[in-house]
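What follows is a short report on a single structure.
Throughout, a chain's letter reflects where its sequence line sits, starting with A, and its residues are numbered from 1. All values below were derived from every heavy atom in this structure, side-chain atoms included, with hydrogens, water molecules and symmetry-related copies excluded. Keep in mind that what you see is a predicted model, and the values were worked out from it rather than measured.
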Amino acid sequence: MNEGNLIDPRETKLAGSFIEQIIIDDLAAGKNDGRVHTRFPPEPNGYLHIGHAKAICLDFGMAQKYGGKCNLRFDDTNPVKEEVEYIDSIKEDIRWLGFDWEDREYYASDYFGKLYDFAVDLIKKGLAYVDDQPAAVISSQKGTPTQPGTESPFRGRSPEENLDLFERMNHGEFEEGSRVLRARIDMASPNMHMRDPIIYRIIKTAHHRTGESWKVYPMYDFAHGQCDYFEGITHSLCTLEFEVHRPLYDWLIDQLKTDDYRPRQIEFNRLNLTYTMMSKRKLLELVQEGLVSGWDDPRMPTLCGLRRRGYTPESIRKFVDLIGYTKVEAINDVSLLEHAVRDDLNLRTPRVFAVLNPLKVVITNYPEGKTENVELINNPEDESMGSRTIPFSRELYIEQEDFMENPPHKFFRLAPGKEVRLKGAYIIKCTGFEKDAAGNVTEVRCTYDPETRSGASLADRKVKATLHWVSAEHAIDAEVRLYDRLFNTEDPAGQKDEDYRNFLNPDSLKVLRGCKAEPSLATARPLDKFQFQRLGYFCVDPDSTSNNLVFNRTVGLRDSWAKLNK
RNA sequence: UGCUCCGUGGUGUAAUUGGCAACACGUCUGACUCUGGAUCAGAAAAGUUCAGGUUCGAGCCCUGACGGAGCAACCA
């Protein structure tokens with residue numbers, strides 16, 4: 001497990017990405033006086049998801065590994081979409097993941113003054129102009145990827161007029177949408193982003209930090225690169241879609257820089273996961289339309305959702321490390337994520353007994369009213385986790401699926417005449433069972449062999465299966481929420497002509513009530529994690545109360561019996 | 001028919017900068033097991049999209065095809 005936040009070089013030995021290689025080369029070449037300075041720049045318009053975790057691990061990870069720093073900078077250039085609620089959640093999630101930006105919490109809005117001055121500077125140099133045309137006209141003049149654009153009739157305005165107009169835009173003299181400031185670059189550029197991009201627009205919505213001070217706001221493309229520059233960022237790591245924006249950022253920095261320093265932008269592939277989607281807009285729709293219970297619904301790929309589901313930060317970091325950073329657009333299998341949690345939880349969670357679908361077992365030759373305490377190891381992977389005792393008595397619950405009246409060939413569990421071990425207790429033999437009118441098995445009768453108690457001298461007898469169980473009298477009730485993938489197709493957002501909502505998995509949540517758990521679980525607190533023996537990993541949900549224990553299934557155990565039945 | 005980027009087992013990534021392809025997950029065997037988990041041992045699986053070229057030698061370099069992605073928000 002990771003100690004603190006430091007990335008163990010041994011862990012990442014084989015995961016050295018092309019980005020890391022560039023950083024190493026830059027360092028070797030003596031660039032930036034040997035500094036490594038990155039930044040994680042989220043827009044506060046939604047909750048962080050596991051795709052952001054991939055970026056966070058890179059941004060903070062590279063800084064840590066190479067003795068540098070990583071800033072947290074909120075890209076808050078659009079007050080109509082951004083809220084403080086999101087800022088708080090973003091900070092919480094980054095900390096939870098295990099990273100620290102120390103005192104370097106910045107906002108693009110910190111630089112609104114400098115950005116404005118730079119825009120004025122561009123105007124004076126004849127490199128920016130105010131365009132009075134409506135959005136639709138500007139858009140149509142952009143041309144298409146295969147046809148050059150046409151120049152705006154306002155392109156030739158004098159710096160004086162532009163300056164005056166821009167100032168008045170910022171004083172609120174004009175309506176939203178009536179005028180914009182554009183960089184004057186090249187309407188015929190094969191790169192659409194160079195065709196006189198809009199760099200400032202009028203917005204009269206109050207900003208969460210600057211209030212009413214500004215009536216014009218910089219576009220992302222006009223803010224991002226310069227903010228990196230202002231902060232002395234050496235490596236601006238971002239996703240592939242910004243590759244074509246780079247020439248624009250470079251052009252802007254060319255107008256701004258006073259020496260050789262400039263941030264170096266490197267693009268990597270964003271994370272795609274099977275059976276889910278990463279679009280913040282669509283995730284917001286799921287929340288707003290009530291298709292999930294909220295941003296932290298355990299089926300969501302958000303960090304708060306994964307946390308509630310029972311994922312650990314270590315498992316997410318491990319997963320990110322496993323998938324690597326390249327320029328190939330790939331879709332990663334969720335089962336690899338699931339492997340990463342199992343791998344982590346296997347080592348750290350105590351084993352407990354819980355029966356999800358209870359079936360009563362009566363041990364007919366066991367004395368009525370008698371109770372024994374049997375000892376169980378908490379975690380065979382970690383002796384230091386010790387042991388506990390749980391009560392055994394005449395009436396027990398086992399899992400319904402652990403009994404079959406007419407078992408198929410390779411069924412090892414309980415069936416008429418068959419023997420199994422009750423883990424930690426005795427070997428029992430099925431002598432009969434009862435059914436209700438509908439044909440459901442309602443009770444199983446067994447005898448036990450007193451000689452076979454775990455640890456006893458004659459306890460070595462081989463049986464095919466070992467079952468988990470709870471004592472009926474002592475068990476506590478619990479609610480268990482079983483989660484499955486939210487969508488039933490690998491790429492729900494990538495289906496042509498079909499709405500992703502059509503692919504929602506109707507069985508993604510199954511709520512089980514009346515589950516029976518061993519008594520030790522009575523004191524479990526929200527976010528406590530356990531392995532329910534033979535079933536999977538479970539985590540106490542924040543909805544849980546002392547009257548109503550609620551567990552979320554994080555992920556099931558590998559189940560070769562289930563696989564055999566496919 | 002513009003620009004940019006990408007193309008290696010089923011999946012995700014490697015290949016010491018040109019030396020006949022490695023790792024992880026998954027899959028399949030077998031061992032062990034008081035979790036049909038875990039662990040351990042082993043196996044199958046790509047000849048690197050295709051075609052030329054340079055070279056003693058190419059997944060790496062060159063040329064050309066083919067395939068995929070991104071780019072035309074007053075979003076980020």
Query raised in the report: Nucleotide by nucleotide, 5' to 3', does protein get under 4.0 Å of the base (B), only the sugar-phosphate (S), or neither (-) in nucleotides 25-30 of chain B, counting heavy atoms?
Result: S-S---
Every protein N/O within reach of nucleotides 68-72 of chain B N/O, cut-off under 3.5 Å:
{"from": "B/A69", "atom 1": "O2'", "to": "A/Glu329", "atom 2": "OE1", "distance (Å)": "3.0"}
{"from": "B/A69", "atom 1": "O2'", "to": "A/Glu329", "atom 2": "OE2", "distance (Å)": "2.2"}
{"from": "B/C71", "atom 1": "O2'", "to": "A/His193", "atom 2": "NE2", "distance (Å)": "3.1"}

Taking atom types as modelled, find out whether [X] and [Y] have a side-chain donor-acceptor pair closer than 3.5 angstrom.
| X | Y | result |
| --- | --- | --- |
| A/Ser387 | A/Glu375 | yes |
| A/Asp449 | A/Tyr426 | no |
| A/Glu85 | A/Tyr47 | yes |

Query raised in the report: Which label fits B/G67, syn or anti, where anti is any glycosidic angle not within 90° of 0?
Result: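 Anti, which is what one calls it when the glycosidic angle falls more than 90° from 0.
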Query raised in the report: Is the base of B/U27 syn or anti, if syn means a glycosidic angle within 90° of 0?
Result: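 Anti for B/U27; the angle lies over 90° from 0.
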Expressed as a whole number of Å, how far does the [atom1] atom of [N] sit from that of [M]?
| N | M | atom1 | result |
| --- | --- | --- | --- |
| B/G2 | B/A21 | P | 39 Å |
| B/C50 | B/U39 | C1' | 45 Å |
| B/U49 | B/G67 | P | 15 Å |
| B/G26 | B/U11 | C1' | 8 Å |
| B/G9 | B/A72 | C1' | 39 Å |
| B/A51 | B/G7 | C1' | 16 Å |
| B/C61 | B/U17 | C1' | 11 Å |
| B/G18 | B/C66 | C1' | 26 Å |

Parallel under 30°, tilted from 30 to 60°, perpendicular over 60°: which one fits the rings of [X] and [Y]?
| X | Y | answer |
| --- | --- | --- |
| A/Phe118 | A/Phe222 | parallel |
| A/Tyr448 | A/Phe392 | tilted |
| A/Trp295 | A/Tyr86 | perpendicular |
| A/Phe530 | A/Phe551 | perpendicular |

Checking all strands, does [X] fall into the base, sugar-phosphate, or nothing category for heavy-atom contacts under 4.0 angstrom?
| X | value |
| --- | --- |
| A/Glu381 | base |
| A/Phe353 | nothing |
| A/Ile331 | sugar-phosphate |
| A/Gln531 | base |
| A/Pro41 | nothing |
| A/Gly455 | base |
| A/Gly424 | base |
| A/Arg413 | base |
| A/Asn269 | sugar-phosphate |
| A/Thr274 | nothing |
| A/Arg281 | nothing |

**Report entry** Given A/Val361, A/Val420, A/Ile390, the one that forms side-chain contact (heavy atoms from CB on, under 4.5 Å) with A/Trp469
**Finding:** A/Ile390
**Report entry** Per-nucleotide pairing state of RNA chain B [Watson-Crick or G-U, under 3.5 Å; [ ] pseudoknot-crossing; | other strand]
**Finding:** .((((((..((((.....[..)))).(((((.......))))).....(((((..]....))))))))))).....
Report task. Test A/Phe487 against A/Tyr275 for ring-ring contact (aromatic ring centres under 6.0 Å, His included), laying out the working first. Result -> CA-CA 5 Å; A/Phe487 295 94; A/Tyr275 301 101; 9.3 Å; no
Report task. Please check the phosphate of B/C6 (OP1 and OP2 only) for any side-chain N or O of A/Thr326 closer than 4.0 Å. Result ->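 For B/C6, neither OP1 nor OP2 has a side-chain N or O of A/Thr326 closer than 4.0 Å.
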Query raised in the report: OP1, OP2 of B/C75 versus side-chain N and O of A/Arg201: anything below 4.0 Å?
Result: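 The answer is yes; a side-chain N or O of A/Arg201 sits under 4.0 Å from OP1 or OP2.
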Query raised in the report: With sequence neighbours left out, what residues match A/Tyr111 under ring pair (Phe, Tyr, Trp, His ring centres under 6.0 Å)?
Result: A/Phe230
Report task. Could I get the full list of ring pair (Phe, Tyr, Trp, His ring centres under 6.0 Å) partners for A/Phe319, not counting sequence neighbours? Result ->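 By the ring pair (Phe, Tyr, Trp, His ring centres under 6.0 Å) rule, A/Phe319 matches no residue at all.
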Decide, yes or no, whether a salt bridge links [X] with [Y] under the criterion of side-chain N to carboxylate O below 4.0 Å.
| X | Y | result |
| --- | --- | --- |
| A/Arg157 | A/Asp132 | yes |
| A/Asp344 | A/Arg348 | yes |
| A/Arg73 | A/Glu231 | yes |

Query raised in the report: Where along residues 130-138 of chain A does a heavy atom fall under 4.0 Å from RNA chain B?
Result: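 Listed by number, they are A/Gln133, A/Pro134, A/Ala135.
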Could you tell me the separation between the [atom1] atom of [X] and the [atom2] atom of [N], rounded to a whole number of Å?
| X | N | atom1 | atom2 | answer |
| --- | --- | --- | --- | --- |
| A/Leu248 | B/U4 | CG | P | 16 Å |
| A/Trp469 | B/U35 | CH2 | P | 15 Å |
| A/Asn78 | B/C75 | CG | P | 6 Å |
| A/Asp221 | B/A73 | CG | P | 12 Å |

**Report entry** Among B/U35, B/U17, B/A14, the nucleotide that comes nearest once only the side chain of A/Gln21 is considered
**Finding:**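 Nearest to the side-chain atoms of A/Gln21, counting from C-beta on, is B/U17.
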Report summary line: From the candidates B/G37, B/C75, B/G12, the one with an atom nearest any side-chain atom of A/Pro380 is B/G37
Query raised in the report: side chain to side chain contact (heavy atoms under 4.5 Å, CB included) between A/Lys423 and A/Phe353: does it pass, once the steps are laid out?
Result: CA-CA 10 Å; A/Lys423 189 173 173 65; A/Phe353 285 175; 3.7 Å; yes
Requested in this report: Mind checking the NZ-CG spacing from A/Lys54 to A/Asp321? Nearest 0.5 Å is all I need.
Outcome: 11.5 Å
Query raised in the report: In terms of the nearest nucleotide of RNA chain B, which residue is placed more toward the 5' end: A/Ile202 or A/Lys423?
Result: A/Lys423
